[in-house]
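Below is one structure, written out as structure tokens; the observations come after it.
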2 protein chains.
Amino acid sequence: MGKVYAEISMSLDGFVAGPDPTLEHPLGEGGEELHEWVYGLATWRERHGLEGGEENADSKLVAERLAATGAVVMGRRMFSGGQGPWEDDPNADGWWGDEPPFRVPVFVLTHHAREPQQKDGGTTFTFVTDGVGPAIEQAIAGAGGRDVQVAGGAMVIQQALCAGVVHELLIHVAPVLLGGGTALLEGLTEADVRLGPAQVTPSPRAVHLSYPIASA
Amino acid sequence: MGKVYAEISMSLDGFVAGPDPTLEHPLGEGGEELHEWVYGLATWRERHGLEGGEENADSKLVAERLAATGAVVMGRRMFSGGQGPWEDDPNADGWWGDEPPFRVPVFVLTHHAREPQQKDGGTTFTFVTDGVGPAIEQAIAGAGGRDVQVAGGAMVIQQALCAGVVHELLIHVAPVLLGGGTALLEGLTEADVRLGPAQVTPSPRAVHLSYPIASA
């Protein structure tokens, strides 16, 4: 089997979403700046059905990860687009459209059981109600030997780290200060997670830090 | 004149000191781990009157900075060793001993006026009571054309950043989670500080991130 890695973009002050998220701005005030580094990349654009884009250190990293990843685990808010209507309506759709960019099995953590969804382009959404451990187990089984990405949000990554089932923490540090919001690593200590030395991919847009998890 | 840079070690979750600082552990619970990367270096050991030590990417960076720096600005707690007795007794000494490692003029921010102190090895402590701006101005004047380091703590660095007088923010990100304590960038937003793209020096012990301050 492949490895399990958690991947997310974070501000230099440690937030993965800004303050005051709304339906229009699910990432909160300033939160979209966290992902500025990725929007222009050829690899990202191709996944979203767009042409063109940049080829650089960032796109190389993204392309390698996409190729290596066989399944994704995410929380219900990431599926539904933040504080979206789905939280009140378990039958509402996600916000990823008819052809989501994942193109692999996606396992969504939720308290509401619902039927799996098959989307165009290879993405399936399977809803898991018994916690992050079982979700990751299902993702490993569905990844065809490739890696499993724990894609967020912060709470899902924290739960996965604390469960000791994550081998690598990949953080894209954006040169941004949000001043508040959702802290990625809120309250975690060495008792929960021991990090190994970082492997670093620098780029002008973001610093990519990959930490092996010594406690996994 | 040289540039003004703020330099400090930070945990991956954004803290420059851990929770519950005491006289014995002024950096709080786990806080000393932030500086593990520096203790073994030849350059650090030489400054502290010790022989031997490692020569690597970390020591090269430290040596270059020490050579380029002509004055230091710090807060009263850094001078006195955290929650030390000096806060109650304005005549008490600092905790840096008779031959402090700075070997340049040091300007200490405080509310208590006191006489300058001349130490062995070239360090002088001058006490500044009218705020971070004037302290940095005095440091520039005393730096002999070299750079000025704003060495901490967090509050002094925040004040200096907000005053718009810092050209560079140099953070040593230690692979450590403290789970609480003193947040380096607490509450700062893009309205206070705009960061440019980071220059990165990776090492197995810490990731050194140098951000130009676009708003300075």
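So you know, we letter chains A, B, ... as the sequences are listed, proteins then strands, and number each from 1. As the structure is a computational prediction, the values presented were derived from the model and not from experiment.
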Side chain to side chain contact (heavy atoms under 4.5 Å, CB included) assessment of A:Leu34 paired with A:Leu27: CA-CA 9 Å; A:Leu34 297 174; A:Leu27 293 172; 6.0 Å; no
Closest non-hydrogen atom pair, A:Ala154 against A:Val16: CB-CG2, 3.7 Å
Minimal non-hydrogen separation, A:Pro21 against A:Pro26, with atom names: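 What the structure gives for the nearest pair is CB-O, 3.5 Å.
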Derivation and outcome, side chain to side chain contact (heavy atoms under 4.5 Å, CB included), residues B:Val72 and B:Val148: CA-CA 6 Å; B:Val72 173; B:Val148 169; over 6 Å; no
Enumerate, including both backbone and side-chain atoms, all donor-acceptor pairs under 3.5 Å from chain B to chain A.
unit_1	atom_1	unit_2	atom_2	d
B:Leu177	N	A:Glu190	OE2	2.9
B:Gly179	N	A:Leu188	O	3.3
B:Leu188	O	A:Gly179	N	3.3
B:Glu190	OE2	A:Leu177	N	2.9

Qualifying residue for side-chain contact (heavy atoms from CB on, under 4.5 Å) with A:Ile157, from A:Leu185, A:Val132, A:Val150, A:Val166: A:Val150
Tell me, out of [options], who's got the most heavy-atom pairs with chain B below 4.5 Å.
{"options": "A:Gly187, A:Ala206, A:Pro175, A:Pro197", "value": "A:Pro175"}
{"options": "A:Gly14, A:Pro204, A:Gly18", "value": "A:Pro204"}
{"options": "A:Leu169, A:Val173, A:Val176, A:Ile171", "value": "A:Val176"}

Heavy-atom contact with chain B under 4.5 Å, split by part of [X]:
{"X": "A:Leu188", "answer": "both"}
{"X": "A:Val207", "answer": "side chain"}
{"X": "A:Leu12", "answer": "both"}

Interatomic spacing from CG in A:Leu170 to CG in A:Leu61 - rounded to 0.5 Å: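 It is 6.0 Å, given to the nearest 0.5 Å.
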Check against side chain to side chain contact (heavy atoms under 4.5 Å, CB included), B:Ile140 and B:Val4: CA-CA 8 Å; B:Ile140 291 170; B:Val4 177; 4.1 Å; yes
Listed partners of B:Ala135 passing side-chain contact (heavy atoms from CB on, under 4.5 Å), at least two apart: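 Expected list: B:Val73, B:Leu109, B:Val128.
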Full working for side chain to side chain contact (heavy atoms under 4.5 Å, CB included) between B:Phe107 and B:Phe125: CA-CA 6 Å; B:Phe107 297 85; B:Phe125 290 110; over 6 Å; no
